[in-house]
Each structure stands twice: as structure tokens, then as C-alpha cells.
Amino acid sequence: QVQLVESGGGLVQAGGSLRLSCAASGRPFSSYDMGWFRQAPGKEREFVGAFSGRDGSTYSADSVKGRFTISADNAKNTVYLQMNTLKPEDTGVYYCAVGSGGRSLLRDDGYDYWGQGTQVTVSS
């Protein structure tokens, strides 16, 4: 069993930055896939970014490329989402997820465990 706890969300003005953290406990995640998803009010959950446990590759949604960066600290069992140049449309609940691999990193059914989510609100 893996437990995930996100932190770092909050209220920020457009153009600002936030860094989200996702701490995993219960099992070292160095070989696992880690993903970030978000859900805006009234919308479906969407892919934001992912980190491949297999080869360390990172992936980002087109909507956040050049603004968001995903990274991992295996020693701390923590994955980060650095969000820069935030826009109001980035508002939503952000979730981190862990997957055992072998499935698409871009789809939420590629992950086995999910955090409780952290709210990000970007004001215009």
C-alpha cells in the first residue's frame, strides 16, 4: 500500500509561481511512475505531467509545457511540480498519483494510488 500526501497549493495571482509536493510513504517509489493530474470545477480530470520510474523521462501536457516542471527526489520519496507563469485556467484541484509501470503515463487508469488533492487557485 502506498500513501500519497500533496502540499503546496494555495492562492496566487496570474503570472505567479507555486511548487507542489507529493510525499509517498509505504514503499520506495524510485521504480514507479509518478503523475500529476488536475480537475477544474465542472470539468473532467486531466493529465498535467508525469515522471517515468523506468528511465527518468518526464512528460507534460501541451497546456503547461514551458511553464510547469516535474521532478523527483528519490531519497525523500517525493515528487514535485514546479508551476511558473500561472494562468487563471490553471485553477483546480491537483492530484499526484503512483503507478507500477507498464501502462500509459498520460491516462489516469495508468496509476494505482492517488493523493487527496491540493487546491490551486489563480486569480486574474
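Just so it is clear, the values below take in all heavy atoms, side chains as well, and ignore hydrogens, waters and symmetry mates.
To the nearest 0.5 Å, atoms CZ (Phe47) and OG (Ser60) are separated by 6.5 Å. For the atom pair CD1 of Ile70 and CH2 of Trp36, the computed distance is 7.5 Å after rounding to the nearest 0.5 Å. From Ser71, atom OG reaches atom CZ of Phe51 across 8.0 Å, with rounding to the nearest 0.5 Å.
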Let me check something: any side-chain donor-acceptor pairs from residues 10-23 under 3.5 Å, sequence neighbours excluded? List them with distances.
{"from": "Ser17", "atom 1": "OG", "to": "Asn84", "atom 2": "OD1", "distance (Å)": "2.9"}

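Of the possible polar contacts, none joining the Ser63 side chain to the Ala61 backbone as a donor-acceptor pair under 3.5 Å is found. Formation of a donor-acceptor pair under 3.5 Å by the Gln82 side chain with backbone atoms of Thr69 is not found in this model. Between the side chain of Arg67 and the backbone N or O of Thr85, at least one donor-acceptor pair lies under 3.5 Å.
The ring of Trp114 has its center closer than 6.0 angstrom to the ring center of Phe37.
The two residues Leu105 and Tyr111 come nearest to each other via the heavy atoms O-OH, 2.6 Å. Summarising the geometry of Gln116 relative to Val5, their closest heavy-atom pair is OE1-CA, 3.8 Å, with the distance given to 0.1 Å.
Using a 4.5 Å cut-off on side-chain heavy atoms (C-beta onward), Val98 and Leu4 make contact. Within the 4.5 Å cutoff, the side chain of Tyr95 has heavy atoms near those of the Gln39 side chain. Val2 has its side chain out of reach of Ser25: every pair of non-hydrogen atoms, C-beta onward, lies at least 4.5 Å apart. Residues Tyr59 and Ser52 are in side-chain contact: their nearest non-hydrogen atoms beyond the backbone lie under 4.5 Å apart. Put simply, the side chain of Gln119 does not reach to within 4.5 Å of the side chain of Tyr94, judged on heavy atoms.
Under the 4.5 Å side-chain heavy-atom criterion for Ile, Leu, Val, Met, Phe, Trp and Tyr, Leu106 and Val48 are members of distinct hydrophobic clusters. If you chain together hydrophobic residues whose side chains sit under 4.5 Å apart, Val64 and Val120 fall into the same group.
Side chains of Thr78 and Asp73: a donor-acceptor N/O pair is absent below 3.5 angstrom, by distance only.
Crowding of Arg107 atom CZ: a count of heavy atoms from other residues, nucleotides or ligands under 6.0 Å not exceeding 12.
Ion pairing of Asp108 with Arg103 is absent here, as no side-chain N (NZ or NE/NH1/NH2) approaches a carboxylate O to less than 4.0 Å. Using a cut-off of 4.0 Å between Lys/Arg side-chain N and Asp/Glu carboxylate O, Asp33 and Arg54 are scored as not salt-bridged.
A side chain to side chain contact (heavy atoms under 4.5 Å, CB included) with Arg38 is found for exactly one of Thr91, Asp90, Thr118, Val93, namely Asp90.
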